[in-house]
Amino acid sequence: MTNGTASGTASGTINGIVSATAVHKYDFRAIEGKWQARWLSDNRTDEDAAKPKYYVLEMFPYPSGRIHMGHVRNYTIGDVVARSKRMRGYNVLHPMGWDAFGLPAEGAAQKNHMHPAAWTYGNIDYMRQQLRQLGLSYDWRREIATCNPKYFRHEQKMFLEMYEKGLIYQKVTTVNWCQHCQTVLANEQVIDGCCWRCDSAIKPRRMSGWFFRITSYAEELLQDLDKLSGWPEKVVTMQRNWIGKSTGMACDFPVTGSDAKISIFTTRPDTVFGVTFMSLAPEHPLLDTLVAGTPQEKDVRAFIDEVTTEKQQLNYGEEPEKKGIFTGRFCENPFTGDKVPIYVANFVLMEYGTGAVMAVPAHDDRDFAFAKTYGLPIKPVVMPEGMILDENMGEASTGPGVLADSGPFSGMESEAAKQAIIAHADAKGFGHAQITYRLRDWGLSRQRYWGAPIPIIHCERCGVVPVPLAELPVELPVDAYQTKDTCLPLHQRPEFIAALCPQCGQAARRETDTMDTFVESSWYFARFTSPRYEDGPVEKEKAAYWLPVDQYIGGVEHAILHLLYSRFFVKVMRDLGYLNIDEPFTNLLTQGMVIKDGAKMSKSKGNVVDPDELIRQYGADTVRLFSLFAAPPERDLEWNAKGVEGASRFLNRLYRYTLELGSTPVTALPPVSEAGKAMERRIHQTIKRVTENIESNFHFNTAISAVMELFNSLSDEASLSLYWRRQAMRTILLLLSPMSPHFCAEMWQAMGEKGDVAAQDWPVWDEAIAQEERLTIVVQVQGKVRSRLSVAADIDDDRLVVMALADENIIRAMAGKTAKKTVVVKKKLVNIVC
RNA sequence: GCGAGAGUGGCGAAAUUGGUAGACGCACCAGACUUAGGAUCUGGCGCGGAAACGCAUCGGGGUUCGACUCCCCGCUCUCGCACCA
């Protein structure tokens with residue numbers, strides 16, 4: 001079958017007689033179908049000590065129904081990496097799976113009166129087919145879906161192990177509540193005050209939930225960012241800011257007339273002598289006792305209610321007017337003994353630090369504004385260089401300086417004073433050095449049906465009791481899916497709730513929260529190394545062989561959420577003994593969005609391009625080629641229908657040219673000719689450029705243009721021997737095969753070449769052959785290009801200058817002046833200064 | 001406000017790290033072959049100019065024989081964080 005499927009409408013002869021009337025276009029439908037059928041069982045990868053391993057992974061999709069252009073781009077990029085690494089001799093792991101829990105399944109299931117599992121698995125079947133049509137070289141044996149109990153049972157097991165180690169706990173907090181989705185969201189899932197999924201406004205709400213103690217890994221998550229040299233700087237910076245480490249001092253201010261102490265955290269211990277009041281968060285636990293029975297109690301409680309309501313009604317991004325109220329109580333600055341009034345202030349956050357702030361209006365903008373509003377004293381104690389501040393200062397001075405009016409610390413520089421003041425507090429026992437992080441613990445509870453159940457039983461006698469390992473997985477109830485009650489949350493399902501306490505055997509209540517779907521995606525990459533292993537989340541030897549992921553590819557929108565959680569999970573799994581790595585992803589490529597008409601493709605904007613339609617019209621190879629060619633991967637890709645046609649045109653030109661070459665390999669070297677030598681040189685130059693473009697930064701766009709240039713020069717060269725024409729074409733097919741794999745496989749075969757093109761070694765270049773023999777040297781006068789010289793590559797500088805000065809264009813440009821200086825850049829240019 | 005990144009033809013983009021600005025492709029123009037061309041092939045294509053040449057990489061300065069590239073000032077856009085004490 002050399003040419004059968006290769007001929008669409010054409011007669012398809014391959015010995016160069018191209019019919020004048022036939023329109024020669026390759027039959028991508030037949031070719032792609034043929035090769036995809038063959039590849040069904042290819043790409044199966046197992047551990048192999050003889051080859052270097054390479055694990056390339058694209059962020060797995062949510063099975064929403066159909067793939068979109070963003071997926072096409074993401075998975076094409078990953079597939080080119082996988083295919084080119086295979087050709088370069090690596091043992092490549094390239095798996096695919098489904099992030100299959102999540103809210104859309106519930107909505108769709110309710111609408112269609114079906115079980116979310118049916119909806120989800122139906123989508124998976126459809127999307128798997130779509131991915132196959134793209135010719136993506138996955139090891140499909142390793143496919144996983146996170147909603148499968150065989151997957152999440154291991155997650156439940158790890159949950160219990162983490163609970164055991166104190167890495168998971170329950171608490172009542174103010175959470176982000178999405179009214180529309182009827183569930184809690186993590187801080188990371190709130191985007192501009194709106195739900196990351198449904199985009200409706202988020203309101204705060206007090207409720208109980210489960211938390212991962214991610215903050216206990218804050219320091220390591222921060223430190224290890226330094227190891228991520230293969231990540232975009234931008235993502236590292238975003239994570240660093242998100243973790244938000246601050247160093248400072250914790251300090252206790254005793255409450256006057258009480259045993260209570262107010263603990264504060266400050267990054268500016270050097271300003272502690274300038275404290276003129278204390279501000280507490282409205283939720284501060286001490287407030288209740290402070291105001292109980294005082295004349296101010298009523299007003300303070302009213303104020304707290306007022307600001308709490310206000311907070312709930314505010315739109316995100318809006319900052320409420322700064323306001324507060326005096327509690328009637330005072331506390332004592334332990335450094336000065338000064339009595340300072342205690343206020344409640346609406347801008348103090350309970351979630352950060354201690355929920356209490358020592359207020360230094362002279363050196364903090366917010367405290368300054370607050371002091372002005374409420375007529376509180378302003379006491380400057382840090383004098384910036386060359387300035388003397390007094391209580392009439394017009395704005396807060398937040399920079400460093402020399403301490404004044406600060407007892408024994410007066411005269412010290414800010415930085416030195418910070419240390420001395422902390423040491424003093426430490427010695428006296430009322431304070432110490434403290435590090436605080438912006439990062440909060442990860443709330444993982446979701447009040448939804450379609451998620452992994454939290455394996456906990458609540459017993460009135462025994463309290464919180466883990467489900468015994470032998471009883472895992474805790475599965476979702478699947479009964480009522482035919483009715484409109486489909487997807488009732490677990491807390492509305494008595495049959496699920498009813499349980500026996502594993503400890504005392506009495507009737508107990510099953511936990512009804514499910515886990516955030518980000519839990520599943522935090523370790524799936526590890527599961528791919530041993531996806532059918534039943535005795536734990538990973539088979540350790542296999543995980544040790546494959547991990548970490550060498551190249552991870554996905555959208556930058558996951559820069560914090562998924563990538564931070566995954567880093568956390570890897571560290572936890574390491575500490576649980578499952579993994580031997582510190583970081584999951586050695587290299588990260590964040591690919592840009594696919595946009596059209598200047599905007600991200602979305603249904604609401606009506607600018608969506610359907611991959612199915614494109615593939616039907618142009619074939620997968622063309623779609624792949626265009627999405628790689630139009631922009632480098634990290635940049636946004638502007639979709640352009642005409643550009644797709646350009647890619648199609650290129651493949652068809654290659655097709656017609658290949659047919660003319662015949663199906664018989666030519667092994668005999670032709671007589672040496674200039675044209676042959678030139679082509680050989682271009683072949684080596686192209687191999688070099690393509691290889692370097694792919695290896696250094698995945699710039700497939702320039703790799704493809706290099707191939708196009710080689711082909712352009714090939715098709716321009718009418719007198720070239722068949723031998724070199726075939727050599728050039730072989731090279732083009734090899735270099736292009738990771739990008740347009742079906743086409744290259746078919747053409748390779750049509751040329752009569754042995755084996756599968758994808759199984760060939762990646763071509764290598766010879767630097768000596770790639771060198772040009774003659775060069776065009778630019779000659780400049782005063783830095784402006786005035787002429788060009790064609791010279792032998794090994795010409796010496798003096799000779800070159802002589803030639804340049806004798807050039808008639810140069811003589812004219814110099815206008816009779818003499819050269820004061822000449823600059824020669826090897827193999828590039830001569831610049832004459834006169 | 002804080003942090004990060006970007007600004008090059010009509011468009012998507014190149015430029016070996018200070019050395020020919022605009023490779024490659026799209027669009028467009030002209031021509032060829034055609035009943036036809038939305039197929040294919042050939043040529044042209046930053047702006048001005050007949051040409052010589054001049055002007056061009058957001059704007060303004062600077063360093064240099066030479067700057068898209070390095071330095072300073074400013075403008076615009078994108079993204080992230082946003083009362084973090």
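Chain A is the first sequence line, chain B the second, and so forth, proteins listed ahead of strands; every chain is numbered from 1.
By the 6.0 Å contact criterion, CD on E808(A) is open, its count of non-hydrogen atoms from other residues, nucleotides or ligands being 12 or less.
Taking 4.0 angstrom as the limit, R438(A) places a side-chain polar atom (N or O) nearer than this to OP1 or OP2 of A82(B). A sub-4.0 Å separation between OP1 or OP2 of A85(B) and a side-chain N or O of S246(A) is present. At C26(B), one or more side-chain N or O atoms of R649(A) fall inside 4.0 Å of OP1 or OP2 (strictly under the cut-off). Side-chain N/O atoms of N712(A) include one lying less than 4.0 angstrom from OP1 or OP2 on G25(B).
In this structure, D365(A) reaches neither bases nor backbone, as no heavy-atom distance under 4.0 Å exists between it and the strands shown. Residue-level contact check: N652(A) touches neither bases nor backbone, having no heavy atom under 4.0 Å from any strand. Using a 4.0 Å heavy-atom distance criterion, V556(A) is classed as making no nucleic acid contact. Backbone-only contact: K784(A) has heavy atoms under 4.0 Å from sugar-phosphate atoms and none from a base.
The salt bridge (Lys or Arg N to Asp or Glu O under 4.0 Å) pairs that include a residue from residues 821-834 of chain A are D797(A)-K826(A), where partners are two or more places apart or lie in different chains.
Summarising the geometry of Y618(A) relative to S648(A), their closest heavy-atom pair is CD2-CB, 3.9 Å, with the distance given to 0.1 Å.
Contacts between residues 822-834 of chain A and RNA chain B, counted as heavy-atom distances below 4.0 Å, involve V823(A), V825(A), K828(A), L829(A), N831(A), V833(A).
Of the candidates G12(B), A27(B), C24(B), C24(B) carries the atom nearest the E709(A) side chain, counting heavy atoms from C-beta on.
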